[in-house]
Every structure is written in C-alpha cells, then in structure tokens.
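All residue numbers in this chain count up from 1 along the given sequence.
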Amino acid sequence: MVWLGDIALSRKDLGLAESYARQAQMIDAGHPASHALLALVHEGRNDPARAEEELRTAIRLEPSYIPPYLLLARRYLAANRADDAIAQCQAALRFAPQRPGIRETLLVAYIQAGRIPEAIIETNALITQRPRDPALHNTLGALYGRSGDPSRAAREFHEALRLDPKFSPAYLNLGDSYLVRNDRARALQSYLEAGRLTPMLAEAHRRAGDLYLADKRIDEALAAYTRALIADPKAVGALTNLARIYTEERRDFKQAVELAQRAETLAPRDWYVQDVLGWSLYESGKIDEAVPRLEEAKRLEPQAARARYHLGMAYLRQGMKSEAARELRAALSLAPNLPQRDAIERVLADLSP
C-alpha cells in the first residue's frame, strides 16, 4: 500500500496517495512508512504542521527508521532552521552512519548555519567514503576559502580538476582563490576556462567581465557580460555592469537605462543596482527620476562612496547646494582616493561661500 501511495504521490495525486496511506494504517497502525507517506501528502497540501506531526509519529513508532529524519531535516533547511536540521541528521547518523544522504544533508545544514569547521570535518568524512568525487573536493576547497585559507582551498580545487579536468565549478572557485591572492591573470584564466567548459555557467562569464571592466578592457567586458546574459537572462550582476558600461563608457543612455531597469526588477534592494540605475537616469537628463534611486542606494549602503558622489551631483543639478556639498564631502571621507576626487574638490570649492 505504501509503495502504491508513493507512485500516486509521484503523479501528484494526493488524494489517492492519502487513500493508500490510510489503508496501510488500517492493516498496521504502527507502520512508520505510512506516516511518512501521509507527511508527504500534507506537505503537498501546504500543511507543514500536520506533516511534521506525522514524521515525528513515524520516528516515535520506529526510532531506527531513517526517512522521517531526513524529511524533517530537509523541511527545516527550507525553513532556514539549520540547527534543527543538524539535530535530525545527527540523530539519524546514530542509527545509520553509512547511509547515503544523511551526511550530505548534514553538510548542507552546517553550511547554512555558518558552522564552517564542522562542515569541513563532514566533507572530509564524505571524501573518505568517496575519495574520487571531484564535487566533494570542490566543496572542501570552497569551505577552506570561507575559513580564510586560500592556499588549502586552491589545493582542493586542483585535486577536483585532477580527478575531472572538465569540472567547471572547480575552475570558477579556483579563480576566486587566485583573486583573493591578487593573482588577477590566473583568476581570469580560470573564469574563462570555466565558461569555455560550461557555456551556460553565467557566473563564470560575469566574473571574467568584472575583471575586464576593472582593467578597462571594455570590449572584452561587453562580450563577457553578453555571454553571461545568454546563459542566464536574469544575471543581475551582468545586467548592472552592462548598464554601467553603456552609461560611463559607451554613452548609450537608452540602452543603459533599459538594462538597469531590468536589474532593478530582479534586485530592487541592491544598492549597486539602484546606484547604476540612478546614474544612468542622471546622465540621461532625468534628474528627478534619478534622485529617488540614488537616495535609495545611499539608504541601502551609506558607506558606498560611489553612491554618495552620484547623489551629491544629482542634488547639485537640482540646485540643492548644501545637500550636494554634504554628500560630496561624505564621498571623499569614505574613499579619499576616489577617481573623481579632483573634480569633486573643484565643485566643493565653487560651493564654498
């Protein structure tokens, strides 16, 4: 009955799945799998409280039955309750330390909880079981990177690539580890290789574009960001930096505003998105539309010198001289080496009484 219920559930027939679960319980009221099946039915009906109740009943009836622990853990992860998920995985491991899926779920929970040392221990335990899995070495490298050890991170990424030379996520992470060490040439090479191996890996193209943009290699940046958007039309970073290029380098303001507005629909609470959109509107001559976006960028990230500079210039165009001076001084205070420093100082000198 439970098996038939699982088939019905896979076909999204919740009513039939529940019917089989109830029939199974009539045959054996203490059968834990029928309660796990009912929990999935309740999940499908968006009734998490009853789902959790059924899973806990399954565990009470048979503490060594593993599926309800994993189902509870995954529910808790989806609800951002990482510590509760960890507790369920640890309980399951006491009964089945070698069962597939438990340690993987525990690892995800440790990462979500920000418990990186424990995540590293868990990843190493998984590597002991599957030493030739490049994804595990890639994960371990990423964890070492988050713990502030880029050298060990790079070793794990290289090991992942030794096991599978076409494993593009390792190239992506390897690029990040090079960038942390300010080895920009190798970082770029790694990002490009990741994108070559997996053309639909938008993040690889976006990160390559960021390096090109920082080095003023504008044509190459445009091409990289375009590849990122082909891979993922919702790649906010690519949209935003393309808008910035069309505002500051190519002076195609119509294109810039359209791209920045697309980014805003995807990430309205990103200060950089608001800043780029505001500045593209400013350069288009739409000052009254620009100011609210630039004010929002400042509100979202008061320490961003770029946003404060842009807001100051927009206030100046509106004739709000004291407000403009305040924002321009704040920009210089936050970033004394701001590229526009000389121009800002000239404006401030003109604004001085």
Enquirer: Can you find a heavy atom in the side chain of N241 that is under 4.5 Å from one in the side chain of Y246?
Expert: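 No, their side chains stay 4.5 Å or more apart.
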Enquirer: Any carboxylate oxygen within less than 4.0 angstrom of a Lys/Arg side-chain nitrogen, looking at D176 and R181?
Expert: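 Looking at D176 and R181, the cut-off is not met.
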Enquirer: Can you list everything that forms a salt bridge (Lys or Arg N to Asp or Glu O under 4.0 Å) with R317? Sequence neighbours excluded, please.
Expert: none
Enquirer: Just so I know, are the side chains of F253 and S280 near enough to count as touching, which here means a heavy-atom distance under 4.5 Å?
Expert: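 When only atoms from C-beta onward are counted, S280 and F253 do not touch, as no gap falls below 4.5 Å.
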Enquirer: So, do K234 and L229 sit near enough that their side-chain heavy atoms are less than 4.5 Å apart?
Expert: no
Enquirer: Within the 4.5 Å heavy-atom criterion, are H42 and L37 side-chain neighbours or not?
Expert: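 No, too far: nothing below the 4.5 Å cut-off.
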Enquirer: I need the E193 CD to R186 CZ distance, nearest 0.5 Å.
Expert: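 Reported to 0.5 Å precision, the distance equals 14.5 Å.
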Enquirer: Residues two or more places apart in sequence or in another chain: which of them pass side chain to side chain donor-acceptor pair (under 3.5 Å) with R206?
Expert: E203, D210
Enquirer: Say whether L9 and M1 are linked into one hydrophobic cluster, either directly or through other cluster members, by side-chain heavy-atom distances under 4.5 angstrom.
Expert: no
Enquirer: List the atom of R103, the atom of A125, and the distance in Å for their closest heavy-atom pair.
Expert: NH1-CB, 4.1 Å
Enquirer: So, using side chain to side chain contact (heavy atoms under 4.5 Å, CB included) as the criterion, who are the partners of L16 when residues are at least two apart?
Expert: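 Applying side chain to side chain contact (heavy atoms under 4.5 Å, CB included) to L16 gives A8, D13, Y20.
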Enquirer: Can you see which heavy atom on T128 is nearest to which on P131, and at what distance?
Expert: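 Heavy atoms of T128 and P131 come nearest at O-CD, 3.9 Å.
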Enquirer: According to ring pair (Phe, Tyr, Trp, His ring centres under 6.0 Å), who are the partners of Y282, at least two apart in sequence or on a separate chain?
Expert: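 Ring pair (Phe, Tyr, Trp, His ring centres under 6.0 Å) list for Y282, sorted by chain: W279.
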Enquirer: Using modelled atom types and a 3.5 Å cut-off, is there a donor and acceptor pairing between side-chain atoms of H137 and backbone atoms of A170?
Expert: no
Enquirer: Test your reading of the model: is there a side-chain donor-acceptor pair from E264 to the backbone of V273, 3.5 Å cut-off?
Expert: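 No; zero donor-acceptor contacts below 3.5 Å.
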Enquirer: Is there a side chain to side chain contact (heavy atoms under 4.5 Å, CB included) between R207 and L211 once you walk through the steps?
Expert: CA-CA 7 Å; R207 294 183 197 183; L211 286 176; over 6 Å; no
Enquirer: When you compare the side chain of R250 with that of L222, does any pair of heavy atoms fall below 4.5 Å?
Expert: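 Result yes, sub-4.5 Å side-chain heavy-atom pair found.
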Enquirer: With R22, which residues qualify under side chain to side chain contact (heavy atoms under 4.5 Å, CB included), at least two apart?
Expert: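 Listed in chain order: E18, Q25, L38, R50.
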Enquirer: Under 4.5 Å between side-chain heavy atoms, chaining through other members, with only Ile, Leu, Val, Met, Phe, Trp and Tyr counted: pull out the rest of the cluster around M200, sorted by chain and number.
Expert: none
Enquirer: Please report the closest heavy-atom contact between A297 and D275, naming both atoms and the distance.
Expert: CB-N, 3.7 Å
Enquirer: What verdict does the side-chain hydrogen bond (donor to acceptor under 3.5 Å, both in side chains) test give for Q112 and Y76, after you've listed the backbone C-alpha separation in whole Å, the side-chain angles of each residue and the deciding distance to 0.1 Å?
Expert: CA-CA 11 Å; Q112 188 181 100; Y76 291 146; over 6 Å; no
Enquirer: What residues join L334 in its hydrophobic cluster, counting side-chain heavy atom gaps under 4.5 Å, either direct or through other members?
Expert: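 The other cluster members (ILVMFWY side chains, heavy atoms under 4.5 Å, direct or chained): none.
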Enquirer: Please test Y110 against I86 for side chain to side chain contact (heavy atoms under 4.5 Å, CB included), starting from the C-alpha separation and ending with a verdict.
Expert: CA-CA 7 Å; Y110 279 140; I86 289 167; 3.6 Å; yes
Enquirer: When Ile, Leu, Val, Met, Phe, Trp and Tyr are grouped by side-chain heavy atoms lying under 4.5 Å apart, directly or through other members, which residues fall in the same group as V257?
Expert: L277, L281
Enquirer: Looking at S64, is its backbone amide N or carbonyl O close enough to the side chain of E62 to form a donor-acceptor pair, meaning the two atoms are under 3.5 Å apart?
Expert: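 Yes: the side chain of E62 pairs with the backbone of S64.
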Enquirer: Which other residues end up in the same hydrophobic cluster as L140, if Ile, Leu, Val, Met, Phe, Trp and Tyr are linked when side-chain heavy atoms come under 4.5 Å apart?
Expert: L107, I111, I116, I120, L126, I127, L136, L143, Y144
Enquirer: Check this for me: does any side-chain nitrogen of one of R155 and E159 sit under 4.0 Å from a carboxylate oxygen of the other?
Expert: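 Judged by the 4.0 Å cut-off on N to carboxylate O distance, R155 and E159 do not form a salt bridge.
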Enquirer: Taking all heavy atoms of A256 and all of T247, pick out the closest pair and write down the distance.
Expert: CB-OG1, 3.2 Å
Enquirer: Using the test salt bridge (Lys or Arg N to Asp or Glu O under 4.0 Å), find all partners of R326 that sit at least two apart in sequence or belong to another chain.
Expert: none
Enquirer: First locate atom CG of L300, then atom CH2 of W271, and finally report the distance between them rounded to the nearest 0.5 Å.
Expert: 10.0 Å
Enquirer: Apply salt bridge (Lys or Arg N to Asp or Glu O under 4.0 Å) to the pair R56 and E53, showing each step before the final yes or no.
Expert: CA-CA 5 Å; R56 293 199 173 278; E53 180 183 348; over 6 Å; no
Enquirer: Less than 4.5 Å apart, side chain to side chain, heavy atoms only: is that true for D252 and K254?
Expert: yes
Enquirer: Would you please test T198 and S168 for side-chain hydrogen bond (donor to acceptor under 3.5 Å, both in side chains) and show each step?
Expert: CA-CA 6 Å; T198 307; S168 55; 2.6 Å; yes
Enquirer: With sequence neighbours left out, what residues match R217 under side chain to side chain contact (heavy atoms under 4.5 Å, CB included)?
Expert: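 Partners of R217 under the side chain to side chain contact (heavy atoms under 4.5 Å, CB included) test: L188, Y212, D215, E220.
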Enquirer: Is a donor from one side chain sitting under 3.5 angstrom from an acceptor on the other, for E156 and N173?
Expert: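 Judged by distance alone, the side chains do not pair up.
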Enquirer: Which heavy atom of C89 sits nearest to which heavy atom of I102, and what is that distance?
Expert: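 Closest pair (atom of C89, atom of I102, distance): O-CG2, 3.5 Å.
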Enquirer: Identify whether the distance between the nearest side-chain nitrogen and carboxylate oxygen of E295 and K298 falls below 4.0 Å.
Expert: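 No.
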Enquirer: If I take atom CG from residue L328 and atom CZ from residue R341, how far apart are they, to the nearest 0.5 angstrom?
Expert: 12.0 Å
Enquirer: Could you check if a side-chain atom of Y69 sits within less than 4.5 angstrom of a side-chain atom of R74, using non-hydrogen atoms only?
Expert: no
Enquirer: Only one of V276, T265, L266 forms a side-chain contact (heavy atoms from CB on, under 4.5 Å) with L239, so which one is it?
Expert: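 Of all the options given, the one that passes is L266.
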Enquirer: Taking it one step at a time, do L40 and L14 satisfy side chain to side chain contact (heavy atoms under 4.5 Å, CB included)?
Expert: CA-CA 9 Å; L40 293 172; L14 299 178; over 6 Å; no
Enquirer: Please assess R244 against Y272 for the test side-chain hydrogen bond (donor to acceptor under 3.5 Å, both in side chains), listing each intermediate value before the final yes or no.
Expert: CA-CA 10 Å; R244 179 176 173 179; Y272 184 59; 3.0 Å; yes
Enquirer: How far does CZ of R115 sit from CD of E118, to the nearest 0.5 angstrom?
Expert: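 Going from the CZ atom of R115 to the CD atom of E118 covers 4.0 Å.
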Enquirer: Hey, could you give me the CZ/CD distance between R308 and E327, rounded to the nearest 0.5 Å?
Expert: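 Going from CZ on R308 over to CD on E327, the span is 4.5 Å.
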Enquirer: Identify the heavy atoms of G209 and A221 that sit nearest to each other, and give their distance.
Expert: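 In this case the closest contact between G209 and A221 is O-CB, 3.8 Å.
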Enquirer: Under 4.0 Å between a side-chain nitrogen and a carboxylate oxygen: does that hold for E104 and R130?
Expert: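 Salt bridge: yes.
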Enquirer: According to side chain to side chain contact (heavy atoms under 4.5 Å, CB included), who are the partners of P169, at least two apart in sequence or on a separate chain?
Expert: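 Here the qualifying residues are N138, F167.
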Enquirer: After noting the C-alpha distance and the side-chain angles of S19 and Q23, does the key distance pass the side-chain hydrogen bond (donor to acceptor under 3.5 Å, both in side chains) rule?
Expert: CA-CA 6 Å; S19 175; Q23 291 179 60; 3.2 Å; yes
Enquirer: Can you measure from CD1 (I287) to OH (Y315) and round to the nearest 0.5 angstrom?
Expert: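 Here the interatomic distance stands at 13.0 Å.
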Enquirer: Does L201 reach the side chain of D232, with side-chain heavy atoms less than 4.5 Å apart?
Expert: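 A side-chain contact under 4.5 Å is absent here.
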Enquirer: Is a donor on one side and an acceptor on the other found under 3.5 Å between the side chain of T105 and the backbone of G101?
Expert: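 Checking the backbone N and O of G101 against the side chain of T105, a donor-acceptor pair under 3.5 Å is found.
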Enquirer: Using a 6.0 Å cut-off, check whether atom CD of Q189 has over 12 heavy atoms from anything other than its own residue.
Expert: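 Atom CD in Q189 is not crowded, with 12 or fewer foreign heavy atoms closer than 6.0 Å.
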